[in-house]
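Predicted, not measured: the structure shown is a model, and the values here were computed from it.
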Protein chains: 2
Amino acid sequence: MRLLLVEDELEMAAALAAALGRYDMILDHAPTLDHAMAALANHVHDGIILDRQLPDGDGLSLIPRVRALKSGIPVIVLTARGAVDERVRGLDMGADDYLAKPFAVEELLARIRALMRRSPDIAPITARIGNLVFDFDGRQASVNGRILDLPRRELLVLEALARRQGRTVQRSTLEESVYGYDDEIQSNSLDAHVSRLRRKLSETSAGVEIHSIRGVGYLLRPSL
Amino acid sequence: MRLLLVEDELEMAAALAAALGRYDMILDHAPTLDHAMAALANHVHDGIILDRQLPDGDGLSLIPRVRALKSGIPVIVLTARGAVDERVRGLDMGADDYLAKPFAVEELLARIRALMRRSPDIAPITARIGNLVFDFDGRQASVNGRILDLPRRELLVLEALARRQGRTVQRSTLEESVYGYDDEIQSNSLDAHVSRLRRKLSETSAGVEIHSIRGVGYLLRPSL
DNA sequence: CGAGCAGGATTGCAGCAACGTTGCGGCGCC
DNA sequence: GGCGCCGCAACGTTGCTGCAATCCTGCTCG
């Protein structure tokens with residue numbers, strides 16, 4: 001799960017990134033509307049958390065442009081302006097939810113989960129490959145009903161691979177899904193995660209293998 | 001090949017997923033009509049396998065909505081109701097095929113293959129030449145659903161040729177797409193890649209050939 | 001019509017870049 | 001303070017890739 005936060009207050013951004021990180025979500029941060037559009041054009045996000053007061057305009061103005069680009073993506077608007085008519089306006093503009101500051105992080109998380117559940121954009125509920133079942137809603141992988149207890153990074157790797165099961169996932173794409181686009185990574189630690197994942201998948205006879213294609217990326221497929 | 005199965009019985013779903021998996025098909029599973037619409041909105045499927053008895057309604061009601069979304073996509077209806085007038089009704093509703101339970105998996109597979117053969121190209125992001133399908137989005141080539149495990153350079157050659165399928169690609173153009181502008185190349189290694197590609201394409205009976213035009217370049221076309 | 005030639009095809013080989021694996025240390029979290 | 005995740009780096013391994021030598025094929029020109 002990868003979300004884009006459009007918010008100019010750095011403290012808020014950092015706090016949310018930390019909170020979402022505990023639920024294995026990747027949060028990309030865009031401080032302005034321009035940054036947000038650039039990020040959306042170049043990356044695949046599952047949802048947007050949008051602040052209204054931004055240096056270069058009202059966050060709501062982003063919504064039509066977002067809809068033009070990726071019509072079904074869920075948008076949650078955050079704002080200090082919490083009056084009823086403001087909410088109505090935000091929702092009429094196309095937002096899927098509207099949350100007034102100050103808010104409890106728990107509530108935001110719950111609303112995100114709810115949106116993702118009923119959102120048309122986060123599609124197939126589960127992926128099955130071999131004996132492996134990946135539950136995108138519950139964000140967990142299981143083999144023959146037994147839940148795999150995977151650390152965060154490995155889970156993100158597997159999720160990204162399962163989302164595009166049977167198709168190659170480019171290395172750069174994978175890095176983005178696991179680390180986010182601004183998070184630097186200057187080692188082969190992605191390979192390390194893949195390696196550990198492979199061991200666990202084979203130890204549990206998941207019936208899947210992570211096949212690597214040199215110079216391109218990886219792909220998840222049933223083992224022969 | 002990626003199919004969407006709309007079916008509420010989990011056993012059936014698991015069995016079909018296993019059967020199709022053996023033929024290198026990807027099966028996404030949607031247990032309800034709502035899930036199906038969500039999945040269709042966000043993923044590229046090559047066909048739909050639709051059960052009639054679903055928790056939230058008759059599967060047939062999905063067909064008009066599917067047609068509105070992706071008009072040409074093949075739909076196979078599965079049902080326990082096999083009477084003739086039921087079949088007629090299903091087909092009149094727009095289904096491409098109608099199969100009564102219980103059915104043989106082999107028959108279903110054959111009908112899927114038949115439908116795929118005569119259906120127009122669903123996803124504009126793929127090119128089909130002979131039995132070869134090149135997925136420009138996923139950057140991979142497959143023959144009859146089986147993914148070709150090609151190294152980077154060969155994949156680039158094939159991609160460039162598939163982009164201009166049936167037309168000649170100048171040698172210099174090909175070199176550019178394979179090596180980039182600044183990368184120098186002072187040997188016939190491009191020919192070497194073409195040669196290796198040819199071998200793999202014929203070994204997998206891809207039904208395509210790389211024809212060379214002396215002094216000009218190459219072109220990809222179905223073999224005779 | 002045949003020899004010569006130029007461009008293309010094929011293949012072995014060696015270098016090296018990409019990938020795999022593992023251990024370590026730091027850091028955060030119970 | 002113990003435990004486990006994670007980034008990192010070192011080192012082993014694989015197999016892609018550029019190169020060149022050799023063979024093949026079609027074109028040209030006398």
With respect to the phosphate group of [N], does any side-chain polar atom (N or O) of [X] fall under 4.0 Å of OP1 or OP2?
X        : N      : value
B/Arg152 : C/dA17 : no
B/Tyr218 : C/dA9  : yes
A/Tyr179 : D/dG7  : yes
A/Ser212 : C/dA18 : no

inquiry  = Could you tell me if A/Arg171 sits above the aromatic ring of A/Tyr218, with its cationic atom closer than 6.0 Å to the ring centre and no more than 45 degrees from the axis?
reply    =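 Output no; distance or angle outside limits.
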
Ion pair present between [X] and [Y], side-chain N to carboxylate O less than 4.0 angstrom?
X        : Y        : answer
A/Glu209 : A/Arg221 : yes
A/Lys101 : A/Glu9   : yes
A/Arg214 : B/Asp149 : no
A/Arg2   : A/Asp46  : no

Measure [atom1]/[X] against [atom2]/[N] and give the value in whole Å, please.
X        : N      : atom1 : atom2 : result
A/Gln186 : C/dA18 : CD    : C1'   : 18 Å
B/Asp149 : C/dA18 : CG    : C1'   : 14 Å
A/Arg153 : C/dG28 : CZ    : P     : 14 Å
B/Glu154 : D/dC16 : CD    : C1'   : 9 Å
B/Gln170 : C/dG8  : CD    : P     : 12 Å
B/Ile213 : C/dG7  : CD1   : C1'   : 14 Å
B/Arg214 : D/dC24 : CZ    : P     : 15 Å

request  = Tell me which residues in residues 188-211 of chain A put a heavy atom below 4.0 Å from DNA chain D, sorted by number, or none.
outcome  =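 Hits under 4.0 Å, by residue number: A/Asn188, A/Ser189, A/Ala192, A/His193, A/Arg196.
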
query = How long is the span from the CG atom in B/Leu148 to the CZ atom in B/Phe134, to the nearest 0.5 Å?
reply =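 Atom-to-atom, B/Leu148:CG and B/Phe134:CZ are 9.5 Å apart.
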
query = Is the closest side-chain heavy-atom distance between A/Val6 and A/Ile49 below 4.5 Å?
reply = no

